[in-house]
Amino acid sequence: MAETNFQPKNIIQVGIGNGSKALGTAHEAGDTWNFLQVSDFTFDQSSAPVEVAPGKNALNGQLESQGHHRRDDIMYESTLTMRGTPTAVLKSTLALFGAGSSEASLTPAASTNDNSALVMKHGGTNVNAVTLLFENAGSDASAVDVSMVGCFATSMTLRQDIGTNGGEMVAETTFVTGYQPVESAYAAPSTKVLDTAAPKNIFDLSTSTLDGEALILNSWEITISRPLARIGFQDSTNYQPFGYAQTGPYEVTGQLLAKRDDSVHDFAAHSSGDSTGIALALASSGFAIAAPDVMIDNTKPDMGGEYLLQTIPFRAFAASETAQIIGITIS
């Protein structure tokens, strides 16, 4: 007889357990748990791809002995799409570049490394790794929850658009972990800190300038990303990693969609090859993004609407090894 349990997506609550913890250890009921305004999500389950070893000559079929599940190099992934509240943004920046309070500032020295050993090492005390909890997402009638421990973020995208979500900001963050997701009846957090704040809105922007030129924006988005790799495996039972390594720099890229006018014309020299960094500033009440050194990356007119717009892709840099690449102030 078929099982009768099921998981309606609309009853699943998503929480982030955070605070100092040994890397690879789940946050517990008494730890800090923030439950977010999630509009969409993905999560992984414990699974592994099959790798097939070479077959024996003169056989035209694959034998069971050739198949091997590869659990040693997996990074499990979850992407959360959230309303752009201060909690959504700052919990993302915490796991992405180790800044969990406003102003969240990214510099070339930023990292989520362990505080003592300067490595993201299994068992090392880490204040930046989080536990993701998906309540009521378990496939078993008694193992009703899914948890993912030791999660760091590899990317966060912030965006606003006058044509979607009533102009509200959206935060979309991808988390990864080398530890197998667990389905269980997770001990319910003692206190759920519910995120009830209003998202920031593009219609409230009081400042939107590039190189000091005021822009009328239809939309904008900024992505902060980095590569993260797991380090090996400790045993052939749980395949826990030894830790993680960041294998490349943070990259900050984005795009503005603005009314095509004098302001766009006035920074044209920076669009065609002078390789000079210019400042981007976005601000409204309780919210500001500052990228002091961006380069325009092949801007183009946009003729898809009733009037001309300008698509302005950009990449943010640091002016020096200690300078800010991007700062996010939000409250």
Side-chain angles (χ1 to χ4, degrees), residues 14-34 41-53 67-80 91-92 94-98 100 111-135 137-140 142-155 173-189 225-248:
V14 183
I16 290 186
N18 48 100
S20 181
K21 212 71 175 177
L23 184 58
T25 301
H27 287 84
E28 300 169 336
D31 290 324
T32 300
W33 286 90
N34 296 91
F41 61 88
T42 65
F43 62 84
D44 268 345
Q45 68 177 48
S46 181
S47 183
V50 173
E51 187 172 287
V52 180
H68 304 278
H69 276 109
R70 287 293 306 274
R71 299 166 60 191
D72 59 299
D73 61 354
I74 295 177
M75 289 287 268
Y76 302 96
E77 186 174 289
S78 169
T79 297
L80 304 183
K91 295 307 175 187
S92 298
L94 171 74
L96 181 58
F97 54 88
S111 73
T112 51
N113 285 340
D114 179 274
N115 291 337
S116 58
L118 294 181
V119 289
M120 290 175 277
K121 185 177 181 180
H122 173 79
T125 301
N126 198 293
V127 300
N128 304 307
V130 300
T131 299
L132 298 182
L133 175 61
F134 300 86
E135 289 190 330
S139 60
D140 187 79
S142 56
V144 294
D145 305 314
V146 174
S147 58
M148 298 174 67
V149 308
C151 293
F152 289 101
T154 53
S155 74
T173 304
T174 296
F175 298 86
V176 298
T177 178
Y179 300 92
Q180 297 179 62
V182 175
E183 295 193 35
S184 66
Y186 204 90
S225 63
R226 58 144 172 201
L228 204 63
R230 64 174 286 161
I231 306 300
F233 63 101
Q234 299 184 50
D235 57 68
S236 56
T237 302
N238 296 315
Y239 286 87
Q240 293 182 329
F242 287 100
Y244 307 100
Q246 185 167 330
T247 57

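Model, not experiment: these values are computed from the prediction.
- Heavy atoms only, all atoms of each residue included: V176 and L228 are closest at CG2-CD2, 4.1 Å.
- Interatomic distance, OH of Y239 versus CD of Q234, reported as 13.0 Å (0.5 Å rounding).
- Between P227 and G248 the shortest heavy-atom distance is CG-N, 3.3 Å.
- Rounded to the nearest 0.5 angstrom, L132 CG and K91 NZ are separated by 12.5 Å.
- In this view, Y186 and A26, W33, T131, L133, D145, S147, S184 satisfy the side chain to side chain contact (heavy atoms under 4.5 Å, CB included) rule, not counting sequence neighbours.
- When every heavy atom of A187 is checked against every heavy atom of A29, the shortest pair comes out as O-CB, 4.2 Å.
- With sequence neighbours excluded, the residues that form a side chain to side chain contact (heavy atoms under 4.5 Å, CB included) with A229 are T247.
- Every side chain to side chain contact (heavy atoms under 4.5 Å, CB included) that T42 has, sequence neighbours left out, goes to T79.
- Under the 4.5 Å side-chain criterion, counting only non-hydrogen atoms from C-beta, S20 is in contact with V127.
- In this structure D44 satisfies the salt bridge (Lys or Arg N to Asp or Glu O under 4.0 Å) test with no other residue, sequence neighbours excluded.
- Between L23 and Y244, some side-chain heavy-atom pair lies under the 4.5 Å cut-off.
- Using a 4.5 Å heavy-atom cutoff, the side chains of M148 and Y179 are not in contact.
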Walk me through it: do R226 and F152 pass the test side-chain contact (heavy atoms from CB on, under 4.5 Å)?
-> CA-CA 11 Å; R226 58 144 172 201; F152 289 101; 3.6 Å; yes

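- Side-chain atoms of T112 never come within 3.5 Å of backbone atoms of A95 as a donor-acceptor pair (strictly under, hydrogens ignored).
- Contacts of S155 classified as side-chain hydrogen bond (donor to acceptor under 3.5 Å, both in side chains), with partners at least two apart in sequence or in another chain: none.
- Shown here are the side chain to side chain contact (heavy atoms under 4.5 Å, CB included) partners of A143, two or more places apart in sequence or in another chain: D140, E183.
- The salt bridge (Lys or Arg N to Asp or Glu O under 4.0 Å) contacts involving residues 19-34 comprise K21-E28, K21-D31, where partners must be two or more places apart or lie in separate chains.
- Of all non-hydrogen atoms in N128 and N126, the two that sit nearest each other are N-OD1, 2.7 Å.
- A distance of 6.0 Å separates CE of M120 from CD of Q246, quoted to the nearest 0.5 Å.
- F175 pairs by the ring-ring contact (aromatic ring centres under 6.0 Å, His included) definition with nothing, not counting sequence neighbours.
- Between the CG atom in L80 and the CD1 atom in I16 there is a gap of 6.0 Å [rounded to 0.5 Å].
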When you look at T173 and L96, which way does the side-chain contact (heavy atoms from CB on, under 4.5 Å) test go after all the steps?
-> CA-CA 9 Å; T173 304; L96 181 58; over 6 Å; no

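- Note: T32 OG1 to H27 NE2 = 8.0 Å, rounded to the nearest 0.5 Å.
- Of all heavy-atom pairs between G150 and T177, the closest is O-OG1, 3.5 Å.
- For F134, the ring-ring contact (aromatic ring centres under 6.0 Å, His included) partners are F41, F43, not counting sequence neighbours.
- In this view, N238 satisfies the side-chain hydrogen bond (donor to acceptor under 3.5 Å, both in side chains) rule with no residue, not counting sequence neighbours.
- Applying the salt bridge (Lys or Arg N to Asp or Glu O under 4.0 Å) criterion to R70, with sequence neighbours excluded, gives E51, D72, D73.
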